[in-house]
Structures are given as C-alpha cells and as structure tokens.
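These numbers come from the heavy atoms of this one structure, side chains and all, not from hydrogens, waters or symmetry mates. Counting from 1, the numbers follow the sequence of the chain as shown.
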Amino acid sequence: MAAVAVATRWWLLLMLSTAELGVAPATQPPNILLLLMDDMGWGDLGVYGEPSRETPNLDRMAAEGMLFPNFYTANPLCSPSRAALLTGRLPIRSGFYTTNGHARNAHRLCCSAAYTPQEIVGGILDSELLLPALLKGAGYASKIVGKWHLGHRPQFHPLKHGFDEWFGSPNCHFGPYDNKARPNIPVYRDQEMVGRFYEEFPINLKTGEANLTQIYLQEALEFIQRQQAAHRPFFLYWAVDATHAPVYASKPFLGTSQRGRYGDAIRELDDSIGRILRLLRDLGIAENTFVFFTSDNGAALISAPRQGSTAPRALQVSHQLGSIMDLFTTSLSLAGLEPPRDRAIDGLDLLPAMLQGRLTDRPIFYYRGNTLMAVTLGQYKAHFWTWTNSWEEFKRGIDFCPGQNVSGVTTHSQEEHTKLPLIFHLGRDPGERFPLSIASIEYLDALRRITPVVQQHQEALVPGQPQLNVCNRAVMNWAPPGCEKLGKCLTPPESVPEKCSWPH
C-alpha cells in the first residue's frame with residue numbers, strides 16, 4: 001500500500017438531497033452506490049478552495065456536500081476494514097484477524113488490501129451476513145465492480161454472499177508473476193474468469209497504460225441503466241484500484257497530470273465518477289440515489305444531487321464520530337431494513353446525523369489482528385500499542401508514513417502502552433503528533449473516561465473465528481473456474497498448509 005496518512009483520519013464528505021431522502025416519499029427505496037478508491041489522499045480534493053483542474057467532479061461533490069471530519073478507516077497503526085463495511089462488524093468479530101504472533105496486520109486483507117497474498121486459505125465466513133444479501137430483502141440488485149479481497153476460492157466468491165454480478169479481480173495486481181511460483185491474477189465476470197490481468201487486460205508497465213478503469217466504468221453504467229429500466233433499486237459496489245501499484249490509466253489520460261502517473265489515474269477516476277453521476281441525472285434517479293465516495297487514505301464523498309440544480313449548496317459539517325462500519329447500518333436504514341439482531345453490529349446509522357443534526361456519543365475501536373491497538377472517544381484517541389511495520393521492512397524502504405514519522409508513536413517495534421496509553425486531542429492535534437503529558441489533568445481526565453469504556457467492550461467481546469492464519473501455495477489462482485475455456489489453467493503445486501507469515 002502507498003503511504004498511509006499519519007493523521008489517522010479518514011475524512012468523509014457527505015452530500016445528499018435531504019429533502020428527497022428525508023421527507024419526500026420515493027416510489028422505491030433509494031439506490032446505493034459505494035465508490036471505493038485505494039490510496040487517494042485528502043490533498044487530492046480541493047474541498048475548501050476553488051475546484052482543482054484535475055478533479056472537478058470530486059471537488060464539486062465536496063463543495064456541495066456535508067463534511068464529516070471525524071471519520072476513520074486507515075492509519076499506520078490499526079484500522080476498521082473493508083470487511084467491516086460489508087458486515088457492519090469489527091474485524092475481530094467477523095473473523096478477519098490473525099493469532100500467529102502479536103498484533104499482526106490482518107486488516108490489510110480487508111481494508112485497502114494492498115498486501116493480500118494469494119496463498120491465504122481463508123475468506124469470508126458462511127455465518128457472516130453481508131450487506132448485499134440483506135438488501136435482497138428490499139428487492140435490491142447488487143453488483144461488485146473491481147476488487148473483492150474477501151477470499152478468492154469458490155466458497156468465498158461474492159456471488160455466494162449476496163452479490164448478483166461481479167466484474168473484477170480477487171487480489172491486488174502485484175507482480176512479478178511467472179505462473180510457476182506465483183500465478184497471474186484472474187479477472188472474473190460473475191462465476192468465471194475471463195482472462196488474466198497482465199494478459200487479456202494489458203498494462204504497459206513502461207508507459208502506465210491500461211484500459212481496465214474504462215471497463216470498470218462501462219460495467220457501472222450498464223448496470224445502472226439495466227436496473228433503472230427494470231424499475232429495481234440497486235446496490236453498486238465500485239471498488240477500482242487504478243491508484244495502486246503499478247499505477248495505470250487509459251491512453252487519453254496519460255501525461256495529462258502534473259503529478260505524473262498517479263495524477264493521471266486520479267484524473268481518470270474523477271472523470272469516471274463524473275460520468276456515473278451524470279448518468280444518474282440523465283436517468284432522473286439522482287434524487288433517489290445515495291452515493292458514497294471513499295478512500296482509505298483520507299477522502300470520501302456522498303452525493304445525491306438535486307435534479308436540475310446547478311447552484312452548489314454551502315458545505316455542511318457534521319462532527320459525528322464514525323467509521324466505515326457505519327456504511328453498513330446506514331445503507332440498511334436507507335433501504336428500510338433493520339440490522340441483524342442475532343449478532344453484535346458495530347456500525348451506527350448515520351441518517352439522524354445527516355438529516356437531523358443529531359449526534360450520537362460512541363467510541364471507535366481499532367484492532368490489528370486480535371489486539372486492541374487504539375480507541376477514539378469524543379475528541380480523544382488513546383493508543384495502547386504502537387507499531388507501523390518492522391525494522392526489516394523499513395530498512396528495505398517500505399515506509400507507511402514517509403516524512404511523517406513521530407518518535408515514540410510511529411514505531412518499528414511493537415511497543416506496549418496499555419497501562420499508560422498515548423492520548424491525543426484530535427481537535428488540536430489531528431495528526432496525532434503531540435501526545436498529552438501523562439502528568440496533566442487533561443490526560444488523567446481523558447483516561448478516566450476511556451478506561452471503563454474499553455473494559456466494558458473487552459468484557460462483552462466474543463471474537464470470531466480467525467480466517468487469516470493458514471497459507472497454502474496450492475490454493476493460489478492456478479486454475480480458477482472458467483480457465484479451461486480460455487486454455488489458461490495452470491497445474492497447482494502440492495498442498496502444504498502452513499502458518500502464515502505476517503511481517504507487518
């Protein structure tokens with residue numbers, strides 16, 4: 001994964017038509033569109049100033065939106081995950097964690113998933129209820145476009161967990177792939193692969209040219225058009241990864257940004273989002289579509305623009321504390337559904353905060369593996385363990401916080417602070433660079449508030465079954481379903497299950 005913002009904030013901008021979603025009845029439940037990007041930073045949006053030349057569509061959404069400055073997903077220490085978005089539960093509740101070694105970074109499989117190894121044996125549990133499966137109860141059609149990352153073997157396929165359609169890949173596109181030690185990544189259409197990433201979906205690694213984002217865009221546009229023609233509400237999970245290594249863009253966008261290939265990819269993503277939003281307006285369903293734009297590094301938007309309106313509304317701000325898990329519960333609420341009652345759901349319904357300005361006091365817990373790393377409560381965040389990545393990785397040039405290292409905070413060895421946690425005031429210090437003095441009255445008052453909240457949480461926590469402990473080279477993408485039709489089946493090696501190694 002590219003550098004993760006040390007500010008430990010995942011900013012979420014929400015822009016929705018409150019009149020339509022909050023008051024005026026619709027003929028069917030609102031459509032729900034989640035746009036997930038990897039490794040986009042807050043600086044990629046010109047939120048507070050004039051719209052930038054490179055991201056006019058995202059900047060317009062920001063200027064017309066509601067800002068949630070207290071949202072979290074990724075930081076250099078610990079994180080809720082992308083699995084949490086689809087289940088509404090902490091990773092340790094839904095099983096996406098490791099127990100082989102202290103505080104292993106299991107969230108990377110589920111969140112940005114930059115380090116998803118193909119040899120992982122596990123995936124999403126059959127017992128987990130994912131958002132698309134629950135939305136079927138309100139008549140929704142669901143599609144995932146892009147990265148899945150919750151298991152690539154047949155039993156973990158997204159169509160077995162509520163999605164009706166899928167176009168994309170199950171892993172990140174990191175090479176090199178020689179089809180001997182590590183097979184190339186397949187690209188799926190629904191149940192079967194339709195090619196491999198560097199082959200049928202070519203990338204020119206020298207120039208950074210690839211057409212996959214344009215294919216992802218067309219998949220989204222066609223799905224929306226089909227569901228509108230059928231008068232059926234839809235859930236579209238558009239999880240593209242053009243800003244991931246290797247960074248790529250299609251030919252019309254190459255060389256158009258002053259920021260190089262990364263900027264080219266951002267411009268293409270911005271253009272794609274603009275085309276999706278224009279289609280919603282052209283079809284007359286923008287007023288009844290709830291759109292989330294999110295990034296794991298610090299940018300997210302929600303848009304349901306007023307039909308025919310060209311005058312931007314003033315930027316609104318909500319200080320509700322939230323996380324990516326809340327998108328699960330909020331989406332169910334939009335669809336008129338209740339969350340499951342047979343399990344603990346960690347996600348909060350954000351509609352009261354969005355539509356009525358009602359704030360809910362709640363903590364946010366951050367796990368790395370099965371270890372509670374940090375908690376946020378109000379304006380305070382307490383870190384019980386610190387660890388970015390190992391010294392071995394750091395010395396090889398793998399730095400999650402380039403230029404933003406803080407002594408004693410962004411550590412490369414696992415440092416315990418459970419008795420006297422590092423506490424930051426996020427309002428004064430959103431970058432978490434200056435911990436409060438443990439001798440200060442403010443520190444002691446914050447600790448008195450945080451301690452019983454953590455104790456209550458840990459006493460009530462029933463961890464799920466770990467899913468990321470076992471690796472086996474034989475389960476990699478050697479012979480995915482459909483490979484025989486393409487002549488692309490590879491012979492897997494002997495099955496040798498072993499405990500996974502997690503260097504970060």
Check your understanding: Within 45 degrees of the axis of the six-membered ring of Trp387 and under 6.0 Å from its centre: does Arg368 put its NZ or CZ there?
Key -> yes

Review point. Do Arg182 and Glu119 sit within salt-bridge range, that is, some charged N less than 4.0 Å from a carboxylate O?
Key: yes

Exercise for review: Could you tell me whether a side-chain N or O of Trp148 sits under 3.5 Å from a main-chain N or O of Phe156, the two making a donor and an acceptor?
Suggested key: yes

**Study point:** Pair Arg362 + Asp326, salt bridge at N-O below 4.0 Å
**Key:** yes

Point to revise | Check ion pair Glu222-Lys143 (N to O, under 4.0 angstrom) | key: no

Point to revise | Result of checking Met325, Glu128, His161 against Thr87 for side-chain contact (heavy atoms from CB on, under 4.5 Å) | key: Glu128

Point to revise | Note: Arg189-Glu192 ion pair, threshold 4.0 Å (strictly below) | key: no

Check your understanding: Hey, which of Gln414, Glu415, His417 is the one that makes side-chain hydrogen bond (donor to acceptor under 3.5 Å, both in side chains) with Thr386?
Key -> His417

Practice item. Tell me, please, whether Tyr366 has Lys381 positioned over its six-membered ring: NZ or CZ under 6.0 Å from the ring centre and within 45 degrees of its axis? Key: yes

Check your understanding: Are the side chain of Asn211 and the backbone N or O of Gln214 linked by a donor-acceptor pair below 3.5 Å?
Key -> no

Review point. Are the side chain of Asn477 and the backbone of Pro183 linked by a donor-acceptor contact shorter than 3.5 Å?
Key: no

Review point. With a 3.5 Å cut-off and no angle check, do the side chains of Glu199 and Asn184 form a donor-acceptor pair?
Key: yes

Point to revise | Donor-acceptor under 3.5 Å (Gln467 side chain, Gly123 main chain) | key: yes

Exercise for review: Answer yes when Asp164 and Lys136 have at least one side-chain N-carboxylate O distance shorter than 4.0 Å, and no when they do not.
Suggested key: yes

